[in-house]
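Please read these numbers as outputs of a predicted model, since none were measured by experiment. In what follows, every heavy atom counts, from backbone to side chain, and hydrogens, waters and symmetry copies are set aside.
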Amino acid sequence: MKKIFLLMLLAGVIAYGISSHTTVSINPILKKTVHYIGPRVMGARVQLEDAKLSTLSGYGTIHNVYLANPAGFPRGHCIQIGEIYVDMLTSSIGTGTIIINDLTIKAMDIAFIIKREGNNFAMLLDNLRRKIPEPRVYPPNPTKEIDYKQIIGNRYIIKNVHIITPSVSGSMPKPQRANFSVIMDDMHFENVGEAENGVPFLVALEQILTQIEDKVHYAVLESYILYKSE
């Protein structure tokens, strides 16, 4: 019941903003929702500065998103984003499955910290995965495919995710202990949630973050190999 409640609140934020007025700042409700629910989902402080959406055009912007490190890691951010541009299919609003044609993320910086028990990014992802809906079967069967149509709240399909020149910084593991900072190539993901005919917000977020984590791991490994070869 708690997971369903979280999903309803998260999925309802966008629906609230796009159903009220032609152009509306959803900053008050979104800030309160993100600041209250974000830490309970991610296990770390989550903040954002502002968000606006237009029901007429389907366009929206979110400014200055901040995701802190989980417990056990130094204070500071794991992910920091300057701007997110949203382009929604207006005819999908109110259908139960919101289609986002494009999600463009600019000025994303990732602080990648490696410790013996794992890294900060992976720990945040594990926290998120524990909040994702599970199959409603008894006894629990983790191999059963989830029918997301049975989950309360909006579902999402994101056609394109474009992350423009993200950066990752961190430190090499022992014995080098060298700091590094890398400007990565653009990231481009397609058809998030489409195979399932729409997924809850948390599932879409997990799918995107998982793909980001893979590319960040590769960039960190490449930097480590280059450092050792010098």
Side-chain angles (χ1 to χ4, degrees), residues 1-14 26-51 61-84 86 103 105-134 153 156 158 161 163 166-173 179-182 184 187 189 192-193 199-220:
M1 191 68 183
K2 182 179 179 181
K3 292 181 180 179
I4 293 174
F5 175 72
L6 290 172
L7 285 167
M8 288 177 66
L9 283 175
L10 284 166
V13 167
I14 291 180
I26 61 171
N27 180 44
I29 187 172
L30 188 52
K31 279 186 75 170
K32 288 181 180 179
T33 303
V34 168
H35 294 174
Y36 178 76
I37 296 178
R40 288 159 174 77
V41 173
M42 303 302 301
R45 185 162 56 96
V46 184
Q47 290 185 306
L48 65 82
E49 183 180 298
D50 187 47
T61 56
I62 299 172
H63 297 280
N64 297 329
V65 179
Y66 179 95
L67 175 58
N69 282 320
F73 287 84
R75 293 182 63 182
H77 75 275
C78 176
I79 301 174
Q80 198 164 258
I81 298 171
E83 292 179 310
I84 301 175
V86 184
L103 197 66
I105 300 171
K106 293 184 177 181
M108 182 174 78
D109 179 69
I110 297 169
F112 195 79
I113 302 172
I114 302 172
K115 296 180 69 173
R116 181 177 297 177
E117 59 269 28
N119 66 74
N120 55 340
F121 202 121
M123 188 169 291
L124 289 172
L125 257 178
D126 287 342
N127 292 340
L128 171 60
R129 285 167 181 151
R130 283 192 283 268
K131 301 298 182 181
I132 289 176
E134 298 175 355
Y156 297 85
I158 307 175
V161 179
I163 305 175
S167 62
V168 57
S169 59
S171 59
M172 300 292 180
N179 295 329
F180 68 91
S181 182
V182 179
M184 301 172 63
M187 299 183 192
F189 314 129
V192 175
V199 294
F201 175 81
L202 293 186
V203 178
L205 180 61
E206 189 273 339
Q207 291 181 11
I208 292 170
L209 289 179
T210 296
Q211 294 185 75
I212 293 173
E213 185 196 25
D214 288 343
K215 292 186 179 295
V216 168
H217 265 291
Y218 180 81
V220 172

Between Val65 and Ile62 the two heavy atoms that sit nearest each other are CG2-CG2, 3.7 Å

Taken to the nearest 0.5 Å, the spacing of Leu128 CG from Met42 CE works out to 5.0 Å

Hits for side chain to side chain contact (heavy atoms under 4.5 Å, CB included) against Ala204, two or more places apart or cross-chain, chain-then-number order -> Ile158, Val192, Val199

Rounding to 0.5 Å, atoms CD (Glu83) and CE (Met108) come to a distance of 14.0 Å

Given the options Leu67, Asn69, Asp109, Asn120, His77 meets side-chain contact (heavy atoms from CB on, under 4.5 Å) only with Asp109

Rounded to the nearest 0.5 angstrom, the CZ-OG1 distance for Phe189 and Thr210 is 9.5 Å

### Query
Would you say Ile84 and Thr61 make side-chain contact, with heavy atoms under 4.5 Å?
no

d(Phe112 CZ, Phe121 CZ) to nearest 0.5 Å is 8.5 Å

Residue pairs meeting salt bridge (charged side-chain N to carboxylate O under 4.0 Å, His left out), one or both in residues 201-211, sequence neighbours left out, come to Arg129-Glu206

Taking every heavy atom of Lys106 against every heavy atom of Ile81, the minimum-distance pair comes out as O-CG2, 3.7 Å

Between Ala44 and Ala68, the two heavy atoms sitting closest are CB-O, 3.3 Å

Closest heavy-atom pair, Met184 versus Ala219, reported as atoms and distance to 0.1 Å, is CE-CB, 3.9 Å

OG of Ser169 to CD1 of Ile110, rounded to nearest 0.5 Å, is 9.0 Å

Q) Taking side chain as C-beta onward, heavy atoms only, is Leu209 less than 4.5 Å from Ile79? A) yes

Using side-chain heavy atoms (C-beta onward) and a distance below 4.5 Å, is Asn119 in contact with His217? yes

By side-chain hydrogen bond (donor to acceptor under 3.5 Å, both in side chains), Gln211 pairs with (sequence neighbours left out) none

Heavy-atom closest pair (Met187 atom, Ile212 atom, distance to 0.1 Å) is SD-CG1, 4.0 Å

To the nearest 0.5 Å, atom CG of Leu125 lies from atom CZ of Arg130 at 11.0 Å

